[in-house]
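This report refers to the structure that appears directly beneath it.
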Amino acid sequence: MGIEIVESAVEDANRAAKANGIENARFLAGDVLELIDTLTTRPDLLVVDSPRDGIHPKAIEKLKQLDAPRILYISCNPVTQKRDIDIFAAAGYAVEHLEAVDQFPRTVHAEAIALLAK
């Protein structure tokens, strides 16, 4: 299940899944704060790609309630990612792996990817 606020990204994801024969994925366009309440099963893995400001505090609370065994947290702002990881740590998550990826050569920007596990 994928939830994304940008409708064109959801359309692309659904097209890519179909083109690759992936039948067990569904992507929804909308606000994660609203659509997360429609989930009926516990996810094995949460993949979160937050905005520069980090995960909204209400969204963090909802994500914690899903009690996924693992969270892959992608961020373009390591400062807000650290803040959010501390919140997840208080809920029993620990950083299993952390890596910076330089997707923007010759700039100060990098993506920080953290795998959290319970």
Is any side-chain heavy atom of Met1 closer than 4.5 Å to one of Leu39? yes

Atom NZ of Lys64 with >12 non-hydrogen neighbours under 6.0 angstrom: yes

Is there any ring pair (Phe, Tyr, Trp, His ring centres under 6.0 Å) pair reaching into residues 89-118, and which pairs are they, with sequence neighbours excluded? Phe88-Tyr93

Any idea which heavy atoms bring Leu33 and Lys62 closest together, and the distance? O-NZ, 2.8 Å

If hydrophobic clusters are built from ILVMFWY residues whose side chains come within less than 4.5 Å, do Leu72 and Leu63 share one? no

Between Pro43 and Leu46, what is the shortest heavy-atom contact and its length? CG-CD2, 3.7 Å

Residues in side-chain contact (heavy atoms from CB on, under 4.5 Å) contact with Glu23, at least two apart in sequence or another chain: none

Under 3.5 Å, side chain of Gln103 to main-chain N/O of Ala110, donor-acceptor pair present? no

Verify same cluster id: Ile60, Leu66 (apolar side-chain graph, 4.5 Å): yes

I'd like to know if the side chain of Glu4 reaches the main chain of Gly30, judged simply by a donor and an acceptor atom lying under 3.5 Å from each other, with no hydrogens or angles considered. no

Minimum heavy-atom distance Arg52-Cys76, with the two atoms named: NH1-O, 3.3 Å

Please confirm whether the backbone N or O of Asp67 pairs with a side-chain atom of Arg42, one donor and one acceptor, at under 3.5 Å? yes

Just how far is it from atom NZ of Lys82 to atom CD1 of Ile87, taken to the nearest 0.5 Å? 10.5 Å

Nearest heavy atoms of Leu35 and Ala29, plus distance in Å: CD1-O, 3.7 Å

Applying a strict under-4.5 Å side-chain criterion to I, L, V, M, F, W and Y, I'd like to know whether Tyr73 and Val101 cluster together. no

Are Arg83 and Thr80 close enough that some pair of their side-chain heavy atoms sits under 4.5 Å apart? yes

Once rounded to the nearest 0.5 Å, what's the spacing between atom CD1 of Ile71 and atom CD1 of Ile55? 7.5 Å

Hphob cluster co-occupancy, Ile74 + Val95, side-chain heavy atoms under 4.5 angstrom: no

Looking only at heavy atoms, what is the nearest atom pair of Leu28 and Val10, with distance? O-CG2, 3.5 Å

Write down the atom of Ile3, the atom of Ile36, and the distance for their closest heavy-atom approach. CD1-N, 3.9 Å

Kindly say whether Gly54 contributes a backbone atom to a donor-acceptor pair with the side chain of Asp84 at under 3.5 angstrom? no

Linking I/L/V/M/F/W/Y whenever any side-chain heavy atoms sit under 4.5 Å apart, do Val48 and Leu98 land together? yes

Roughly how far, to the nearest 0.5 Å, is the CD1 atom of Ile113 from the CD atom of Glu111? 7.0 Å

Heavy-atom neighbours of Lys118 NZ exceed 12 at 6.0 Å: yes

May I ask you to decide if Val79's main-chain N or O and Asn77's side chain share a donor-acceptor pair within less than 3.5 Å? yes

Is it true that Lys58 and Glu61 make a salt bridge, defined as a side-chain N closer than 4.0 Å to a carboxylate O? no

